[in-house]
Amino acid sequence: MKAAQASVVLFAFWLVLSGSLNLIDLAFGLILSVLFGVWAAKTLWAEDAPVLTARQAGQFVLYIPHLLKNMVVSALQVAEVVLDPRMPIDPIIVGHRTPFKREVTRVAYANSITLTPGTLTVDVENNTFYIHGLAESFTDEIASGELEQRLMRVFEE
Amino acid sequence: METFFWGLGIFLLVNAFVCLWRAYAGPTTVDRVLAVNIIGTKTLVVLAVLALVFGRGILLDVALVYGLLNFVITIAATRFMETGRLKGDWS
Amino acid sequence: MISYEGIINAIVVVLVGFGAFFFLVGTIGLVRLPDFYSRTHAATKCDTLGAGSILLALAVFNGLEPSSVKMIALAALVLLSSPTSGHALARAAHRTGLDYWRLDKE
């Protein structure tokens, strides 16, 4: 089952790369993607891949625009800091404990923090995230737990 | 429009050379790896621009492999810095 | 009368300008900021957005072709890999005991 999923994804990737619909190209791609799919299912996804229910997948798709908006805001904020001659930063590293139960939530949370204005995930130990902030006001936003609640709704309900 | 894309490519290359200064100056190893990673991203975009200007689709494949290698190089370098070896579990 | 090509070119110029601005900010940040962690802020955020919007502009200029799909795939690759490698570097720095720069409060 895992091998079939991996093969489908690899075949789609092959279609993007080759960009042709010749019979020979398609056959070659099909053989290669099945071979690599079986190999990938054995070695790369030896442990359980993250499984999302339909509702969680929908919530995740709804989460993406929020993430993109945050990316633009955080890049603008870095621009503001960097282009200011006085460079108003006061960096700080804080630890933040979270109640997540699944690995996929932790991954999403770490990447979301990195894309939130002024914060960067430095280290993750069990459920404690070490966050570098350009100023204390940015890490306060993480500590308020709003992002955490949002991701809990997406992945753990 | 072609002149515009040439300008963009030159602008990105100048940026990449400024980043090279950070790779030279350091002061720590992670700074150098970060600078090289950034230069890699810029090179990837330059390759995509060249593919469009020259009309050579194959440069896009080169850019794709470049991006993947750039990622793998960074991960391997950080892993080596943390554990001092490249094989076995990463803990 | 505004032509279709004119609209496309305007979109491309705006997106490229946006991306080039963020690339410039990323470079200035990489040179100006005082320590590794703050440089990673500039590198991951600005460069990801810059590369993403320039590649999107190239795909828009190229129109509906297989190579445009490849450019979007490149943008997705940068969007996924850049924060991840930034995080890996920050973790390596943190675990090897690199301290962060503090503001001198006198």
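Each chain gets a letter, A, B and so on, in the order the sequences are listed, and its residues count up from 1.
- Of the listed residues C/Val12, C/Val78, C/Ile54, C/Val31, the one with more heavy-atom pairs under 4.5 angstrom with chain B than any other is C/Val31.
- Around the CG atom of C/Leu64, the shell of radius 6.0 Å holds no more than 12 heavy atoms that belong to other residues, nucleotides or ligands.
- Interatomic distance, B/Asp61 CG to C/Leu74 CG, rounded to the nearest 0.5 Å: 9.0 Å.
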- request: Take C/Asn9 and C/Phe61, measure what side chain to side chain contact (heavy atoms under 4.5 Å, CB included) needs, and give me the verdict at the end.
  value: CA-CA 7 Å; C/Asn9 281 0; C/Phe61 184 75; 3.7 Å; yes
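- Between chain B and the residues C/Asn62, C/Thr96, C/Thr44, C/Val16, the most heavy-atom pairs under 4.5 angstrom are made by C/Val16.
- Rounding to the nearest 0.5 Å gives a distance of 11.0 Å between CG of C/Leu89 and OG1 of C/Thr84.
- Looking at B/Val14, neither its backbone nor its side chain comes within 4.5 Å of chain C, counting heavy atoms on both sides.
- Of the atoms belonging to B/Leu64, heavy atoms from both backbone and side chain fall under 4.5 Å from chain C.
- In this structure, the portions of B/Asp31 lying under 4.5 Å from any heavy atom of chain C include both its backbone and its side chain.
- B/Arg22 contributes no side-chain N or O that, together with a main-chain N or O of B/Ala35, makes up a donor-acceptor pair within less than 3.5 Å.
- At a 4.5 Å heavy-atom cutoff, C/Leu80 makes no contact with chain B through either its backbone or its side chain.
- Remark: the C/Ser85 side chain and the B/Thr74 side chain contain no N/O donor-acceptor pair separated by less than 3.5 Å.
- Separating the CZ atom in B/Phe17 from the CD1 atom in B/Ile39 is a distance of 8.5 Å, to the nearest 0.5 Å.
- Within the 4.5 angstrom heavy-atom criterion, no atom of C/Ser82 approaches chain B.
- Note that OG1 of C/Thr48 is 6.5 Å distant from CG of C/Leu79, once rounded to the nearest 0.5 Å.
- Across C/Asp35, C/Thr27, C/Leu24, C/Leu77, the residue that shares the most heavy-atom pairs under 4.5 angstrom with chain B is C/Thr27.
- Of all the listed residues (B/Val33, B/Thr28, B/Leu44, B/Thr41), the one sharing the greatest number of non-hydrogen pairs under 4.5 Å with chain C is B/Leu44.
- Considering only heavy-atom pairs separated by less than 4.5 Å from chain C, the leading option among B/Val18, B/Leu52, B/Thr29 is B/Leu52.
- For a residue to count as touching a neighbouring chain, one of its non-hydrogen atoms must lie under 4.5 Å from one of that chain's; by this rule C/Leu55 touches chain B with the side chain only.
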